[in-house]
Protein chains: 2
Amino acid sequence: MPITGRKALNRAGMRFTSQRALIMEIIRRGRGHLDADEIYRQARGKEPRLSLSTVYRTLQMLKKLNVVDELHFDESHHHYEVKHSAEHYHLKCLGCGKVVEFSYPLSSYLKENVPAARDFDITVTEVSMSGYCARCRRGR
Amino acid sequence: MPITGRKALNRAGMRFTSQRALIMEIIRRGRGHLDADEIYRQARGKEPRLSLSTVYRTLQMLKKLNVVDELHFDESHHHYEVKHSAEHYHLKCLGCGKVVEFSYPLSSYLKENVPAARDFDITVTEVSMSGYCARCRRGR
DNA sequence: AATTTAATTGCAAATGATTAGCATTACTAA
DNA sequence: TTAGTAATGCTAATCATTTGCAATTAAATT
Ligand SMILES: [Mn+2]
Ligand SMILES: [Mn+2]
Ligand SMILES: [Zn+2]
Ligand SMILES: [Zn+2]
């Protein structure tokens, strides 16, 4: 039950603004893995007055509402994607930048196999793997 | 065979300086998970003239030489630890900040069980899990 | 529909971690 | 010793993200 419509926002004491609608729309259509600046650039196409601050503020809000996930590839900025229903992780190619997704129930697997993880109430599991994709591996 | 002594550094065209010795020493004794600023603070105790730039430069160098690993907890800065021989990962408590380590051959496990990972030449696998430790779970 | 009020925005300035430029210092090899 | 050149210590950039604040504006109330 991800909060996304006007009604749900109002119920939470927040307002449904055109900026927020636009930003959510861009993230949804974007097929994930967008960074703040890319969202900003796309948003300005529709609403040239929108500010980068609003993008960042909206991203924080969507993260808190569990609508989006923040991804930390090995870079100096973050990426965002709509929260999927299935647990999935990412492989990023250091050669061409391509991101490959794969679904895997890693958190429950670790809970079963790692004693130390049993005593913990794990709320976030993040895995980031990088290397070289098949295509990039050839060209070297 | 981690490069650490004067001889090995010289062989690589680098110099063995008192600053580098001090920083390596602090990281080694620190039992891992120190951040740049903590290393800086400790180092200044011994060598008040040492600069933060030198800490960062040395950290980059040690990372490149595979002497230390850079850890990315869900924070705005990084942490460092001497590279262990056994593959291990971390659980960080959001309540008290405690970091629990556990050894697990996760990269080979994923290579065997994730089809998408087979086409990739994975060079880095990073896992960061956070949640609440047993003690912190009680106090709420 | 007009009014109220507080959340949200846009803009500019601030942060905070990390990096870069450069003159000065000090390892190393000869 | 000395010459050659990494490395250091400053200070000043970067760069992504956050914050302060006056001006807007969504939405609850008359
Ligand atoms: Mn994804
Ligand atoms: Mn560790
Ligand atoms: Zn590639
Ligand atoms: Zn705890």
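Basis for what follows: all heavy atoms, side chains included, without hydrogens, waters or symmetry-related copies. Each chain gets a letter, A, B and so on, in the order the sequences are listed, and its residues count up from 1.
Under the salt bridge (Lys or Arg N to Asp or Glu O under 4.0 Å) criterion, the residue pairs touching residues 92-115 of chain B are B:E75-B:K92, with sequence neighbours excluded. Applying the ring-ring contact (aromatic ring centres under 6.0 Å, His included) test to every pair with at least one member in residues 105-125 of chain B, sequence neighbours left out, gives these pairs: A:Y109-B:Y109.
The existence of a salt bridge linking A:K83 and A:D69 is confirmed by a sub-4.0 Å separation between a basic side-chain nitrogen and an acidic carboxylate oxygen.
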**OP:** Show your working on side chain to side chain donor-acceptor pair (under 3.5 Å) between B:E87 and B:S103 and close with a plain yes or no.
**Re:** CA-CA 6 Å; B:E87 184 178 353; B:S103 292; over 6 Å; no
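Qualifying ring pair (Phe, Tyr, Trp, His ring centres under 6.0 Å) partners for B:H72, counting only residues two or more places apart in sequence or in other chains: B:H78. Under the ring pair (Phe, Tyr, Trp, His ring centres under 6.0 Å) criterion, B:F73 pairs with B:H79, B:H90, not counting sequence neighbours. Listed by chain and number, the residues in a salt bridge (Lys or Arg N to Asp or Glu O under 4.0 Å) with A:E47 amount to none (sequence neighbours excluded). Residues passing the salt bridge (Lys or Arg N to Asp or Glu O under 4.0 Å) test with A:R41 are A:D37, A:E38, sequence neighbours excluded.
To the nearest angstrom, C1' of D:dA7 lies 11 Å from CD1 of B:I23. D:dT14 atom C1' lies 17 Å from atom CD of A:E75, rounded to whole Å. The distance from atom CG of B:L59 to atom P of D:dA7 is 15 Å, rounded to the nearest whole Å.
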Distances under 3.5 Å between protein N/O atoms and the N/O atoms of nucleotides 27-29 of chain D, please, pair by pair.
unit_1	atom_1	unit_2	atom_2	d
D:dA27	OP1	A:N10	OD1	2.9
D:dA27	OP1	A:F16	N	3.0
D:dA27	OP2	A:R6	NE	3.4

Please write out each protein N/O paired with an N/O of nucleotides 15-19 of chain D under 3.5 Å, distance rounded to 0.1 Å.
unit_1	atom_1	unit_2	atom_2	d
D:dT17	OP1	A:H78	N	3.2
D:dT17	OP1	A:H78	ND1	3.4
D:dT17	OP2	A:Y56	OH	2.4
D:dT17	O5'	A:Y56	OH	3.4
D:dT19	O4	A:S53	OG	2.9

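Taking every nucleotide of DNA chain C with any atom under 4.0 Å from a non-hydrogen atom of chain A, the first and last of them, 5' to 3', are C:dA6 to C:dA12.
Each end of the helix from C:dA1-D:dT30 to C:dA30-D:dT1 yields a helix axis from five base pairs, and these two axes differ in direction by 40° (to the nearest 10 degrees).
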Quick one: side chains of residues 5-22 of chain A, donor-acceptor pairs under 3.5 Å with protein atoms, not counting sequence neighbours, listed by atom name and distance.
unit_1	atom_1	unit_2	atom_2	d
A:T17	OG1	A:R20	N	3.1
A:R20	NH1	A:R15	O	2.8

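Contact annotation: the side chain of B:L50 approaches that of B:I23 to within less than 4.5 Å [non-hydrogen atoms, C-beta and beyond]. A:I27 is listed as a side-chain neighbour of A:L62, based on a closest heavy-atom distance under 4.5 Å.
Alongside B:V124, the hydrophobic cluster contains no other residue (criterion: ILVMFWY side chains under 4.5 Å).
For the pair B:R49 and B:R20, nearest-nucleotide mapping onto DNA chain D gives the more 5' position to B:R20.
Shown here is B:R118, whose CZ atom has more than 12 heavy atoms of other residues, nucleotides or ligands within 6.0 Å.
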